[in-house]
Structure formats: C-alpha cells, structure tokens
Amino acid sequence: MNSINRSAVIVVAKKPFLDWVNGLATGAPALTLEEIRRDPGVYLIPEYEGVAGAEGMLRDGFDTIFRDQLSQWWSDPAAWPANRTLALFNKWFAHHSHSTVRDTLSARLTRSNPG
C-alpha cells in the first residue's frame, strides 16, 4: 500500500445546509439530515502537517469545496449564498482532515475533468 502526495478533508452537511437545500424550489420531498449525510464529500487537498497546516489548507481552499457542495444540489449560482465565508462554511458543514492518504489499489489513478 502506498501513500499518495495528498491529504484529504471529509465534508459533512449540517442542518443549516439541509435547510438551504430543502428551501430550494425543486418540488421534491424534503430531505432529512440522515439522508443528506449518507455520502459525504471527500476532497483531496495539498499535503499538510499538524492542526495548523490543516486549518491553513481549509482556509485557503474552502470556497472551492463550498461551491462544489452547492453545485451538487443546485446548479444555478444565483441561488447560492453570495457571501461565502469560512464562518458560513463552518456553520453549514462539519469537516475532518486527514494528513495521510493511502492507496489500497495497484491500478493507476485516473482523472476526469467535467465539462
């Protein structure tokens, strides 16, 4: 098993994000927190060391993750919060950083670039 040159952050929705999702005019039945948390986001980030390193990586990259989470539920950015701050991100999502990412497979990693 090999380590790769990335760290990871797992992002889990909190109730304020659920409230935003349920407030969208989709006509779909309201989701529960359990349903929205079933498949949390996992993001590869640059390697870091220590708690300060993890906090710095998130501070620098939270908006990319925030926008991705929003786009998974609503593709029109006009409905997204205009002022996406780190404080709002922390209010809407719990996150857990992991400094070491291990690849359990021998197959080559591949990338897909949407659109």
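Because the structure is a prediction, the values reported are computed rather than measured. All values below come from the heavy atoms of this structure, side chains included, with hydrogens, waters and symmetry mates left out.
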Participant: Should Leu31 and Leu18 count as side-chain neighbours, where that means a heavy-atom distance under 4.5 Å?
Facilitator: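 Yes, close enough: below the 4.5 Å cut-off.
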Participant: Does Asp76, at its CG atom, have more than 12 non-hydrogen atoms belonging to other residues, nucleotides or ligands within less than 6.0 Å?
Facilitator: yes
Participant: Determine yes or no for a side-chain-to-main-chain donor-acceptor pair under 3.5 angstrom, with Trp80 supplying the side chain and Trp74 the backbone.
Facilitator: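 Yes, because the side chain of Trp80 sits within donor-acceptor range (under 3.5 Å) of the backbone of Trp74.
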Participant: Under 3.5 Å, sequence neighbours excluded: what are the donor-acceptor pairs made by side chains of residues 96-110?
Facilitator:
{"unit_1": "Arg102", "atom_1": "NH1", "unit_2": "Ser3", "atom_2": "OG", "d": "2.7"}
{"unit_1": "Asp103", "atom_1": "OD1", "unit_2": "Leu105", "atom_2": "N", "d": "3.0"}

Participant: Do Pro81 and Leu70 come close enough that some side-chain heavy atom pair is under 4.5 Å?
Facilitator: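 Touching, per the 4.5 Å side-chain cut-off.
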Participant: Would you say Val12 and Leu44 are hydrophobically clustered, going by side-chain heavy atoms of ILVMFWY under 4.5 Å?
Facilitator: no
Participant: Work out which heavy atom in Ala79 is nearest to a heavy atom in Leu24; give both atom names and the distance.
Facilitator: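 Heavy atoms only, the tightest pair is CB-CD2, 4.4 Å.
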Participant: Enumerate the salt bridge (Lys or Arg N to Asp or Glu O under 4.0 Å) contacts for residues 57-71, please, sequence neighbours excluded, ordered by first and then second residue.
Facilitator: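 Of all non-adjacent pairs touching residues 57-71, those that pass salt bridge (Lys or Arg N to Asp or Glu O under 4.0 Å) are Asp63-Arg67, Asp63-Arg84.
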Participant: Remaining members of Met1's ILVMFWY cluster at a side-chain heavy-atom cut-off under 4.5 Å?
Facilitator: none
Participant: Taking a hydrophobic cluster as the set of Ile, Leu, Val, Met, Phe, Trp and Tyr residues connected by side-chain heavy atoms closer than 4.5 Å, whether directly or through intermediates, do Ile4 and Tyr43 fall within one such cluster?
Facilitator: no
Participant: Quick one: list whatever passes ring pair (Phe, Tyr, Trp, His ring centres under 6.0 Å) with Phe66, sequence neighbours left out.
Facilitator: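 If we apply the ring pair (Phe, Tyr, Trp, His ring centres under 6.0 Å) test to Phe66, skipping adjacent residues, the hits are Phe89, Trp92, Phe93.
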Participant: Going from CD on Glu47 to CZ on Arg6, what distance comes out if it is rounded to the nearest 0.5 angstrom?
Facilitator: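 Rounded to the nearest 0.5 Å, the CD-CZ separation comes out at 8.0 Å.
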Participant: Roughly how far apart are Ile36 CD1 and Gln69 CD, rounded to 0.5 Å?
Facilitator: 8.5 Å
Participant: In terms of hydrophobic clusters joined by side-chain contacts under 4.5 Å, are Ile10 and Ile65 together?
Facilitator: no
Participant: Which residues satisfy the side chain to side chain contact (heavy atoms under 4.5 Å, CB included) test with Ala30, sequence neighbours excluded?
Facilitator: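 So Ala30 forms a side chain to side chain contact (heavy atoms under 4.5 Å, CB included) with Asn22.
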Participant: Quick one: side chain to side chain contact (heavy atoms under 4.5 Å, CB included) partners of Pro46, sequence neighbours excluded?
Facilitator: Met57
Participant: Between the side chain of Lys14 and the main-chain N/O of Asn90, is any donor-acceptor distance below 3.5 Å?
Facilitator: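 Judged by distance alone, yes, a pair lies under 3.5 Å.
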Participant: First locate atom CH2 of Trp73, then atom CZ of Phe17, and finally report the distance between them rounded to the nearest 0.5 Å.
Facilitator: 7.0 Å
Participant: Please examine the side chains of Val11 and Pro40, heavy atoms only from C-beta on, and report whether any two atoms are closer than 4.5 Å.
Facilitator: no
